[in-house]
Amino acid sequence: MTLIDGKKLSNKIEDEISKEVESLKPKGIVPGLAVILVGDDPASHTYVSMKEKSCKKVGFYSIVHKMPDTITQDEIIETIEMMNNNPRIDGILVQLPLPKHIDTTKILEVIDPKKDVDGFHPYNMGRLVEGLDAFAPCTPLGVMEMFKEYKIDLEGKDICVVGASNIVGKPMAALLLNANATVTVTHIYTKDLSSHTKKADIVIVGVGVPSLIKEDMVKDEAIVIDIGINKLESGKLVGDADFETLSKKCSYITPVPGGVGPMTIAMLLKNTLKAAQRRVK
Ligand code: NAD
């Protein structure tokens, strides 16, 4: 079994990004990321501070715009429009989830697609599905980067994606289709989940249910990519796959933590760098 080490790979990517940042300096360009953080959700605050730290590490300019959860939708829109027009900002990210009184779709559609480094704007989603150059959402993009690093060929492979959200499962399926894999997307309404996972060469799970994928649900030598992040009552972080038993059966597996999580941040940096490089052109 080979452990897919997302921490190590993300460090390598961040080192490459730092070098690119250095090479942009003589052109007077410093990649800039703006994050909008609404409310006091502790997990959102943790994610944003991790993103801020990573920006600093690679030499990006970064700002975090914190807003109370009493903020109105129009005030958030105004802030995004200001960032759309700010030449120092290459990427804009709105940390989700937003409070219930805010229409998330409306907010995401206000972000300039050229600065949509999270890849959630329908313009980028549409281009992604068509196989055109686009900002792809960072988590599935990080998974694709893992396949590349570990030389896992996807062409013609049977891949089962478990979870079909707009930020994880759907863009994951689009990226895999673009890589010529045969993709099955499953979700909460899927009847007999294991009949799909058992047939797959690769199972990619992102649902938010601890240990949903068990050893008897995959075939021998399967590859399991675990996107889930769940905090147990004990405080322990686990994924959606039962790592203990699966790691004895799989050919490759990602751990949680230290798997897909760090790759998501590395891809956010990569997308922001890409936006800055477009500014040069
Ligand atoms: P979501 O709630 O928006 O979507 C969950 C999806 O899983 C839905 O499509 C739902 O139908 C499906 N699902 C739920 N229970 C299921 C079950 N029992 N069987 C089959 N399908 C089921 O969640 P999300 O935002 O897509 O996040 C999913 C998980 O991925 C969470 O654990 C989240 O923390 C994690 N996540 C991790 C990263 C990362 O960087 N590693 C990034 C984003 C999300």
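Small disclaimer: the values here were computed from a predicted structure and weren't measured. One-based numbering, in listed order, for ligands and for the atoms of each.
Shown are K274, K114, R279, R278; of these, the side chain to side chain donor-acceptor pair (under 3.5 Å) with D90 is made only by R279.
Under the 4.5 Å side-chain heavy-atom criterion for grouping Ile, Leu, Val, Met, Phe, Trp and Tyr, I265 is not connected to F60 through any hydrophobic cluster. No path of Ile, Leu, Val, Met, Phe, Trp and Tyr side chains, each step under 4.5 Å between heavy atoms, connects V161 with V256, placing them in separate hydrophobic clusters.
Taking only nitrogen or oxygen atoms, main chain and side chain alike, T186 does not reach within less than 3.5 Å of ligand 1. An N or O contact shorter than 3.5 Å links A164 to ligand 1 by distance. For ligand 1, the polar-atom distance check finds an N/O of I188 within less than 3.5 Å of one of the ligand's N/O atoms. Residue I229 has at least one N or O atom closer than 3.5 Å to an N or O atom of ligand 1. In terms of polar-atom proximity, I227 is counted as a contact of ligand 1, with an N or O under 3.5 Å from an N or O of the ligand. For ligand 1, the polar-atom distance check against T264 finds a nitrogen or oxygen pair separated by under 3.5 Å.
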Worked verdict on K115 versus N86 for side-chain hydrogen bond (donor to acceptor under 3.5 Å, both in side chains): CA-CA 11 Å; K115 298 191 177 190; N86 182 344; over 6 Å; no
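Around the NZ atom of K157, the shell of radius 6.0 Å holds more than 12 heavy atoms that belong to other residues, nucleotides or ligands. Open room surrounds NZ on K231; 12 or fewer heavy atoms of other groups in view lie less than 6.0 Å from it. Counting non-hydrogen atoms of neighbouring residues, nucleotides and ligands closer than 6.0 angstrom, the NZ atom of K219 exceeds 12 such neighbours. Other residues, nucleotides and ligands contribute only 12 or fewer heavy atoms inside 6.0 Å of the OH atom of Y123.
In this structure, of H196, H187, M172, K170, the residue bringing a heavy atom nearest to atom 21 (N) of ligand 1 is H187.
Less than 4.0 angstrom separates some heavy atom of V168 from each of these atoms of ligand 1: 26 (O), 43 (C), 44 (C). For ligand 1, the atoms sitting less than 4.0 Å from at least one non-hydrogen atom of G261 are 40 (O), 41 (N), numbered in the order shown with element in parentheses. In summary, the atoms of ligand 1 found under 4.0 Å from a heavy atom of G163, numbered by their order in the structure, are 6 (C), 7 (O), 9 (O), 12 (C). Numbered from 1 in the order shown, with element, the atoms of ligand 1 that lie under 4.0 Å from a heavy atom of I167 read 25 (O). Within ligand 1, counting atoms from 1 as listed, the ones closer than 4.0 Å to a heavy atom of S165 are 3 (O), 4 (O), 9 (O), 24 (P), 26 (O). Of all atoms in ligand 1, listed by their number and element, those nearer than 4.0 Å to a heavy atom of V207 are 5 (C), 7 (O), 12 (C), 13 (N), 14 (C), 21 (N), 22 (C), 28 (C), 29 (C).
Here the protein heavy atom with the shortest distance to atom 42 (C) of ligand 1 is T139 OG1, 3.1 Å. The closest protein non-hydrogen atom to atom 19 (N) of ligand 1 is L212 CD2, 3.8 Å.
Here the CE atom belonging to M146 is positioned 6.0 Å from the CD1 atom belonging to I4, to the nearest 0.5 angstrom.
Using a 4.0 Å threshold on non-hydrogen atoms, atom 2 (O) of ligand 1 does not count as touching the protein.
N84 meets the side chain to side chain donor-acceptor pair (under 3.5 Å) test with no other residue; sequence neighbours excluded.
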